[in-house]
Trainee: 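Handing you a structure now.
Just follow the structure's listing: the first ligand is 1, and inside any ligand the first atom is 1. All values reported here derive from a predicted model rather than from experimental measurement.
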Amino acid sequence: MNAVFPTPDAAESERLLSPEELEAALRGIGARRYHNLHPFHRLLHDGKLSKDQVRAWALNRYYYQAMIPVKDAAVLARMTDASLRRIWRQRIVDHDGDHEGDGGIERWLKLAEGVGFDRDYVLSTRGILSATKFSVEAYVHFVSEKTLLEAIASSLTEMFSPTIISERVAGMLKNYDFITKDTLAYFDKRLTQAPRDADFALDYVKQHATTPELQRQAMAALTFKCNVLWTQLDALYFAYVAPGMIPPDAWRPGEGLVAAPASVQAAGGTRKMAAGDRPRLPRGVRLRNDETRGKYVLLAPERTFDLDDNAVAVLKLVDGNRTVADIADELGKTYAADPRAIEADILAMLDGLAEKRVLER
Ligand SMILES: O=C(O)c1cc(C(=O)O)c2c(n1)C(=O)C(=O)c1cc(C(=O)O)[nH]c1-2
């Protein structure tokens, strides 16, 4: 393994690597350490997180986004060559934009707003985990204090980001009903910006890491940066997944959100079903008669829900055409009940299924 991907402390790194070997070594660091491998990202992309856990990610990642131009300004300040600065300054423009309302930070704010946050709360950075701040600030300090080669090499995680971004966008759109293409617009531009930036940085490092020591420093810088990304996810995982220990002062579910209409709040985030809605089963979810058990179940990908008789009676009428009021009318006739009286129970039952994401409006 070391012969293919020498690590900074491997004996192999005593030898001067060819530029191609150096690139392979750098890619090997990403293959082992990039944050696409972190369990938090796996959960995020596979649709296994709750809306609040996705919110925690969006909020914390805002801090990274907001500090990237500060980091790049620190890198720029190290550059004595105008031709280098001319290229590097584009990174700051990409994130800050050319005018108010433009740029990557603004697009990340849209993402945070898209999952329910109040913009001013996000901007205040009040609820962001201290560990997130420590990691991000370590990155800014690193590029300020280390050599320019190390500062540039530390940005090389971007070589690996297009793959994770494609996976993330596809996974989140598929798996979360509260995520839209607009919400994730931040990532569209990164798919072209990141390879452009990474190509430049990689060429620079290959050209300037001309001794085993400099090559070792470049590899160590990339390793450090992988750790900057990884530790941010460790902190999120610890606070919001398991053991779920949210530190004092960090964001707690419910805080910093745009006040939703009362009907939305009552449904715990998703709008409550109304009598005029036409519920339907999402793609991949089916009502099935489980003959061996002699009962109906709701079959969803990798999940099965047992249903009581009332739920089965309602779901047999759920077809995307009938409104909830229509369903109440029909069941009222069948069971000789007042449709308006049973409507409330039907709505509550459907809301419960919608929250589990096995029913849509
Ligand atoms: O979505 C991601 O996984 C991801 C990763 C990285 C990265 O690898 O550092 C960056 C970004 N996104 C990103 O959006 C971004 O602007 C960025 C700037 C930098 C950097 O080190 O200068 N990395 C990243």
Trainee: Strictly under 4.0 angstrom, heavy-atom based: which residues surround ligand 1?
Mentor: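 Ligand 1 is contacted, at a heavy-atom distance under 4.0 Å, by Tyr34, His35, Arg61, Tyr64, Gln65, Ile68, Lys71, Arg91, His95, Tyr139, Ser155, Thr157, Glu158, Ser161, Ile164, Ile165, Arg168, Tyr186, Phe187, Arg190, Lys225, Leu229.
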Trainee: Applying ring-ring contact (aromatic ring centres under 6.0 Å, His included), which residue pairs with at least one partner in residues 156-175 are found, sequence neighbours left out?
Mentor: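 Passing the test, one end in residues 156-175: Tyr34-Phe160.
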Trainee: Which atom pairs, donor and acceptor, lie under 3.5 Å between side-chain atoms of residues 121-131 and protein residues at least two apart or in another chain?
Mentor:
unit_1 : atom_1 : unit_2 : atom_2 : d
Ser124 : OG     : Tyr121 : O      : 2.7
Ser124 : OG     : Arg126 : N      : 3.2

Trainee: Which word best sums up how the rings of Tyr139 and Tyr64 line up, parallel for under 30°, tilted for 30 to 60°, or perpendicular for over 60°?
Mentor: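 The rings of Tyr139 and Tyr64 lie parallel, inter-plane angle below 30°.
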Trainee: Around atom NZ of Lys133, are there more than 12 heavy atoms from other residues, nucleotides or ligands closer than 6.0 Å?
Mentor: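 Correct, the count exceeds 12.
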Trainee: Evaluate ring pair (Phe, Tyr, Trp, His ring centres under 6.0 Å) for Phe187 paired with Trp108, printing each intermediate quantity in order.
Mentor: CA-CA 9 Å; Phe187 294 110; Trp108 197 273; 5.6 Å; yes
Trainee: What residues form a side chain to side chain donor-acceptor pair (under 3.5 Å) with Lys206, not counting sequence neighbours?
Mentor: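 If we apply the side chain to side chain donor-acceptor pair (under 3.5 Å) test to Lys206, skipping adjacent residues, the hits are Glu23.
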